[in-house]
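The block underneath contains the structure these notes are about, expressed in structure tokens.
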Amino acid sequence: YKILERQGRCYKEIGQNQLSRTSFMEAINLLTKSKLSEDKRKIIREEIEDILSKLSENDAEESDAVNRIDHLKLASSHPQFPCLSSSVEMRYNSKVGRHTVAVKKIRPGEVIIKEKPLAW
């Protein structure tokens, strides 16, 4: 049930309400087979049912999770990869494959990559 509950929460965050509802319903069904105490099952079931009651019937037009990327700013863009910070560079070696390496000091909280997802 835990994985399905988490999946439902993720779908909810990205606006996929129908898939979220399906995941939550499956989680409730599997909850009855868990080894939790009856009291704990009841608490979790009520939490899931509360989320379900607040979930709209339709999928969101565009989720807040997708829109959250708009406020992120790169300090300076990489000349070859505009979605990448100039603080890192792309490298390749046969042992680890393609990867990025810091070429400047990166401050805590500094955005080093900003890219919209290809699909949700």
Side-chain angles (χ1 to χ4, degrees):
Y1 79 91
K2 286 182 184 179
I3 291 174
L4 289 166
E5 179 190 2
R6 290 178 188 147
Q7 182 180 50
R9 290 177 189 272
C10 290
Y11 280 137
K12 178 181 172 283
E13 277 297 310
I14 62 171
Q16 297 292 318
N17 295 340
Q18 293 173 350
L19 292 171
S20 177
R21 186 175 304 284
T22 301
S23 295
F24 282 131
M25 295 305 292
E26 288 180 40
I28 288 172
N29 289 336
L30 290 176
L31 189 59
T32 60
K33 298 177 183 177
S34 73
K35 295 179 181 179
L36 297 172
S37 70
E38 195 58 44
D39 290 339
K40 186 69 175 167
R41 280 188 208 159
K42 183 180 177 196
I43 291 169
I44 294 171
R45 182 183 180 97
E46 287 172 355
E47 287 175 3
I48 293 173
E49 287 173 345
D50 183 51
I51 294 169
L52 282 169
S53 71
K54 295 174 183 170
L55 204 58
S56 73
E57 292 293 325
N58 300 321
D59 290 342
E61 286 294 317
E62 189 168 344
S63 78
D64 290 338
V66 174
N67 293 328
R68 288 183 199 142
I69 193 171
D70 292 335
H71 76 280
L72 301 175
K73 302 282 184 234
L74 293 173
S76 63
S77 294
H78 189 279
Q80 188 178 2
F81 305 101
C83 65
L84 197 60
S85 168
S86 62
S87 299
V88 296
E89 66 180 35
M90 296 289 291
R91 293 191 184 163
Y92 175 84
N93 72 38
S94 58
K95 194 172 189 177
V96 295
R98 190 179 320 171
H99 59 283
T100 56
V101 175
V103 293
K104 298 178 188 173
K105 185 172 180 150
I106 298 173
R107 298 179 325 273
E110 179 180 345
V111 176
I112 58 172
I113 189 167
K114 177 185 173 183
E115 189 172 55
K116 286 202 175 204
L118 296 175
W120 282 102

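FYI, the numbering just counts along the sequence from 1.
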So, taking the atom named [atom1] in [X] and the one named [atom2] in [Y], what distance separates them when rounded to the nearest 0.5 Å?
X	Y	atom1	atom2	answer
Lys12	Ser23	NZ	OG	13.0 Å
Glu89	Lys104	CD	NZ	10.5 Å
Lys114	Lys73	NZ	NZ	4.5 Å
Ser76	His78	OG	NE2	10.0 Å
Arg45	Thr32	CZ	OG1	8.5 Å

Other than Met25, what residues sit in its cluster of Ile, Leu, Val, Met, Phe, Trp and Tyr side chains whose heavy atoms are under 4.5 Å apart, directly or through others?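 ILVMFWY cluster around Met25 also holds Tyr1, Leu4, Phe24, Ile28, Leu30, Leu31, Leu36, Ile44, Ile48, Ile51, Leu52, Leu55.
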
Thinking salt bridges, do Glu5 and Arg9 make one under a 4.0 Å N-O criterion?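 Yes, charged N to carboxylate O under 4.0 Å.
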
Testing Ile106, Leu74, Ile113 for side chain to side chain contact (heavy atoms under 4.5 Å, CB included) with Ser85, which one passes?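 Only match with Ser85 under side chain to side chain contact (heavy atoms under 4.5 Å, CB included): Leu74.
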
Within-4.5 Å side-chain heavy-atom neighbours: Gln7 and Leu19: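 Gln7 does not reach Leu19 side chain to side chain.
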
Quick one, Arg91 and Val103 - any side-chain contact, counting heavy atoms below 4.5 Å?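 Yes, close enough: below the 4.5 Å cut-off.
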
I'd like to know if the side chain of Ser20 and the backbone of Gly8 have a donor-acceptor N/O pair within less than 3.5 Å.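 Pair found, side chain donor or acceptor close to backbone of Gly8.
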
